[in-house]
Amino acid sequence: MSYQKAYNHAIWHPEAFWQQQAEQLHWFKKPTTVVDTSAYPTGRWFSDGEMNTCYMALDHHVANGRADQVAIYYDSPVTHSKSSLTYAQLLEKVALFAGALRAQGVGQGDRVVIYMPMIMEAAVAMLACARLGAIHSVVFGGFAAAELATRIDDAKPKAVLTASCGIEVTKIIPYKPLLDTALDLAMHKVDTIVLLQRPQQIADMQSGRDLDWDDIVAKAAPAEAVPVKSSDPLYILYTSGTTGKPKGVMRDNGGHAVALHYSMGAIYGAQPGDVFWAASDVGWVVGHSYIVYAPLIAGCTSILYEGKPVMTPDAGAFWRVIEEYKVKAIFSAPTAFRAIKKEDPEGKLLKKYDLSSLETVFMAGERLDPPTYQWAKDIIGRPIVDHWWQTETGWSICANPVGLDNLPAKSGSATVPVPGYDLYILDNDGQPLPANEKGNIALKLPMPPGFLLGIWGDSERLHNSYLADFAGYYTSGDGGYRDEDGYVYIMGRTDDVINIAGHRLSTGEMEEVVGGHPLVAECAVVGIHDEVKGQMPLALVLLKAGAETTDAALSKDLASMLRTQIGPIAVMKQAHIVERLPKTRSGKILRKVIRNIANGEDYIVPSTIDDSASLDEIAELIGPNT
Ligand code: COA
Ligand code: AMP
């Protein structure tokens with residue numbers, strides 16, 4: 001079906017469109033209701049259907065001829081090891097680990113926090129939870145103990161699953177001390193800790209509380225997949241919003257499975273048996289959707305890569321993996337390609353590898369800037385697809401759907417809305433804007449399958465954060481425009497969310513950390529452009545009366561505070577001491593204007609500004625000419 005036909009069908013007849021997609025999956029009880037739009041606040045998909053995501057991802061394929069196909073390759077340049085599991089082997093491991101968790105009292109609806117590096121067991125843990133109907137919440141390894149504690153307190157897990165360490169290039173990151181600190185900081189007491197000992201670092205175990213992964217598996221009996229309702233939660237994934245408190249994005253089982261299955265064919269052009277590689281991390285939504293669930297539900301072979309695009313050992317790492325596993329489609333963040341470009345601008349390393357299996361390169365997580373797009377296109381010689389999505393949607397909102405059509409790409413554009421998404425560019429009063437005018441990117445309700453069920457533990461936050469601005473629409477938080485051909489250009493966040501090296505973080509949360517420095521009276525943290533990481537935080541700081549320090553000393557202190565309180569991924573660019581912060585007369589800091597000045601963008605001085613001279617000072621300090 002062509003893109004336009006599929007798009008129109010999904011918008012005009014969503015029930016028929018998505019029912020057709022749902023019919024391609026194995027349900028224990030087929031849904032009779034496609035979408036229940038009366039369900040508060042955005043609709044429930046396939047609400048009376050019963051299924052199990054793990055069953056769809058594994059058992060179904062084992063029973064239908066894929067038992068001996070590799071389900072996941074594990075490739076770890078940081079430990080110099082490689083392995084693979086066929087669908088049958090992965091199912092066996094998952095069923096046993098699910099049995100082990102069940103023996104610890106984990107059951108349907110219980111939360112399980114997974115704090116693990118990029119190893120096969122992380123995928124096993126996620127699928128085992130899904131098998132039991134337990135709700136997993138994976139926490140990215142690059143977060144500090146305090147962030148892990150916040151998530152533990154919010155999700156209130158029955159169990160936490162971890163490993164003794166992660167490995168960052170050559171550095172061993174001991175996970176257990178981080179987890180122990182988080183457990184001390186958290187109010188919620190966790191009954192069960194299960195730890196996988198990795199040979200690179202043996203962790204101390206707390207007797208009576210900590211269980212050894214291999215021990216409990218050795219004693220376990222395999223667990224069958226538990227039928228769950230389509231709208232039961234599969235996972236909670238915390239993501240940064242505008243406040244310090246991360247949002248627990250809750251995803252359902254059925255809508256998620258249907259959307260991901262559809263996306264593999266329509267967007268990625270991947271067929272069962274193809275090798276699909278998302279070079280991301282299971283701690284992010286890309287990892288949930290496209291390392292674990294989507295490739296498996298679609299009967300593809302996935303790759304779990306414990307390495308970096310550069311340094312493990314060099315900027316040829318991606319090309320080596322593509323050659324070795326005959327990857328058909330790769331998906332990563334532009335920052336990863338910028339890192340490769342910096343090391344190997346002419347693509348000399350690429351020429352050493354056979355990339356004949358590769359058909360398409362997908363990028364997301366941040367804006368794909370035209371120079372990086374052009375560079376990747378020239379040196380890889382394959383279509384480069386920039387596609388836009390969010391943790392909230394679980395799959396892409398805009399893309400060049402290569403499985404449906406051969407739409408011409410336009411540099412700087414994420415192409416067109418994917419079937420299922422009714423996209424509008426709205427002005428601040430909620431009125432649709434004409435072509436080429438920048439505004440708020442909003443999506444008309446109901447959202448397609450896969451969209452978040454709600455925010456865990458806060459029934460009002462979905463409405464307040466996303467639906468309150470424009471009645472009948474989901475507000476994405478991104479700004480952009482559509483051109484005269486309907487192509488969508490995503491220009492960046494309109495709120496306080498930034499993307500550092502593809503990691504989504506909140507400047508609001510950073511301000512809370514910066515504000516905790518003993519010499520700081522007030523501050524503003526904004527994201528500014530960075531050559532490799534895309535964006536980095538810059539802090540403007542007003543000192544307390546009588547306090548004395550320098551930019552350099554303060555930058556060092558704040559970088560270290562961000563690292564210990566948020567995590568090493570919250571890398572600080574610079575802190576500047578200022579005499580005053582630009583504010584409105586009501587005292588609101590003009591963060592957007594500061595951001596515009598720092599990035600050399602046009603800005604409008606609001607009529608409500610209190611002291612316009614403060615802007616000149618800021619421009620002198622952080623403007624593009626300084
Ligand atoms: N566990 C522990 N620490 C981690 C970590 C993890 N999972 N991930 C990153 N860190 C640490 C790094 O070791 C580094 O620490 P350091 O300051 O002590 O060296 C710090 O966090 C910053 O890491 P990172 O943001 O990864 O920057 P980098 O300079 O090490 O690498 C890139 C830059 C571009 C190579 C890397 O960020 C990358 O591959 N990004 C892609 C991100 C991605 O896939 N996003 C998902 C969207 S598709
Ligand atoms: P995350 O929830 O971590 O996936 O981050 C989502 C945010 O990343 C979006 O709201 C955008 O700001 C940004 N983003 C993701 N993909 C793209 C893209 N292709 N182009 C521009 N920004 C993107």
Side-chain angles (χ1 to χ4, degrees), residues 78 115-118 122 139-144 165-175 178 237-241 247 249 278-291 305-312 315 317-318 330-343 362-369 373 385-399 412-415 441 452 475-480 488-495 497-505 527 530 532-536 559 562-563 566-572:
V78 295
Y115 185 59
M116 296 184 79
M118 283 287 287
V139 178
F140 178 62
F143 280 120
C165 66
I167 299 149
E168 281 290 298
V169 190
T170 52
K171 248 184 320 176
I172 302 219
I173 315 279
Y175 273 34
L178 281 167
L237 179 57
Y238 287 89
T239 191
S240 299
K247 293 174 188 156
V249 164
S280 177
D281 189 290
V282 288
W284 302 113
V285 68
V286 175
H288 280 60
S289 295
Y290 292 105
I291 296 175
Y305 174 68
E306 191 183 26
K308 298 261 179 185
V310 291
M311 300 178 289
T312 57
F318 274 18
I330 178 178
F331 174 174
S332 195
T335 187
F337 291 89
R338 286 196 298 268
I340 298 172
K341 179 179 164 202
K342 191 167 168 229
E343 297 286 309
F362 294 88
M363 298 201 205
E366 47 164 338
R367 181 159 187 266
L368 173 56
D369 52 292
Y373 169 82
V385 174
D386 175 16
H387 62 328
W388 170 58
W389 54 303
Q390 309 183 313
T391 304
E392 288 83 348
T393 62
W395 64 298
S396 68
I397 309 163
C398 285
S413 170
T415 319
I441 309 182
L452 82 165
T475 310
S476 69
D478 280 298
V488 181
Y489 294 74
I490 315 295
M491 302 310 290
R493 299 287 304 195
T494 53
D495 57 13
V497 168
I498 63 169
N499 253 289
I500 310 172
H503 311 308
R504 173 169 164 179
L505 295 166
D530 179 79
V532 174
K533 298 199 180 216
Q535 281 185 303
M536 280 177 91
L562 288 174
R563 192 180 175 92
I566 296 182
I569 50 171
V571 189
M572 178 87 168

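For ligands, and for the atoms within them, numbers begin at 1 and follow the listed sequence. Just so you know, residue 1 is the first one in the sequence shown, and it goes up from there.
The N/O atoms of R504, backbone and side chain alike, include one that comes under 3.5 Å of an N/O atom in ligand 2.
The shortest heavy-atom contact between V78 and E306 is CG2-O, 3.4 Å.
Listed by number with element, the atoms of ligand 2 under 4.0 angstrom from any heavy atom of D386 are 18 (C), 19 (N). Each of the atoms 1 (P), 2 (O), 3 (O), 4 (O) of ligand 2 lies under 4.0 Å from some heavy atom of T391.
Counting only non-hydrogen atoms, the option in Q535, Q390, E366 that gets closest to atom 22 (N) of ligand 2 is E366. The closest heavy-atom contact to atom 19 (O) of ligand 1, among the options M536, M311, K171, R338, comes from K171. For the residues M118, E168, R504, the heavy atom positioned nearest atom 12 (C) of ligand 1 is part of E168. Among A364, C165, P309, A315, the residue whose heavy atom lies closest to atom 39 (O) of ligand 1 is P309.
Contacts of V497 with ligand 2, taken as heavy-atom pairs under 4.0 Å, are absent altogether. At a heavy-atom cutoff of 4.0 Å, ligand 2 is contacted by the backbone of H387 but not by its side chain. Using a 4.0 Å cut-off between heavy atoms, W284 makes no contact with ligand 2 at all.
Note that atom 32 (C) of ligand 1 has no protein non-hydrogen atoms nearby, at separations under 4.0 angstrom.
Of the protein's non-hydrogen atoms, the one nearest atom 7 (C) of ligand 2 is N499 ND2, 3.8 Å. From the protein, the heavy atom lying nearest to atom 6 (C) of ligand 2 is W389 O, 3.5 Å. For atom 12 (O) of ligand 2, the closest non-hydrogen atom on the protein side is D478 OD1, 2.6 Å. Protein heavy atom nearest atom 16 (N) of ligand 2, with residue, atom name and distance: G365 N, 3.0 Å.
Among F143, Y175, F140, Y238, the single residue meeting the ring-ring contact (aromatic ring centres under 6.0 Å, His included) criterion with Y115 is Y175. Looking at W395, F362, W284, W389 one by one, the single match for ring-ring contact (aromatic ring centres under 6.0 Å, His included) with Y290 turns out to be W389.
Note on ligand 1: G166 sits outside its first shell, no heavy atom being nearer than 4.0 Å.
Side-chain contact check for T312 and Y305: at least one donor-acceptor pair (N or O, by modelled atom type) lies under 3.5 Å.
In this structure, the side chain of S476 engages the main chain of I441 through a donor-acceptor pair within 3.5 Å.
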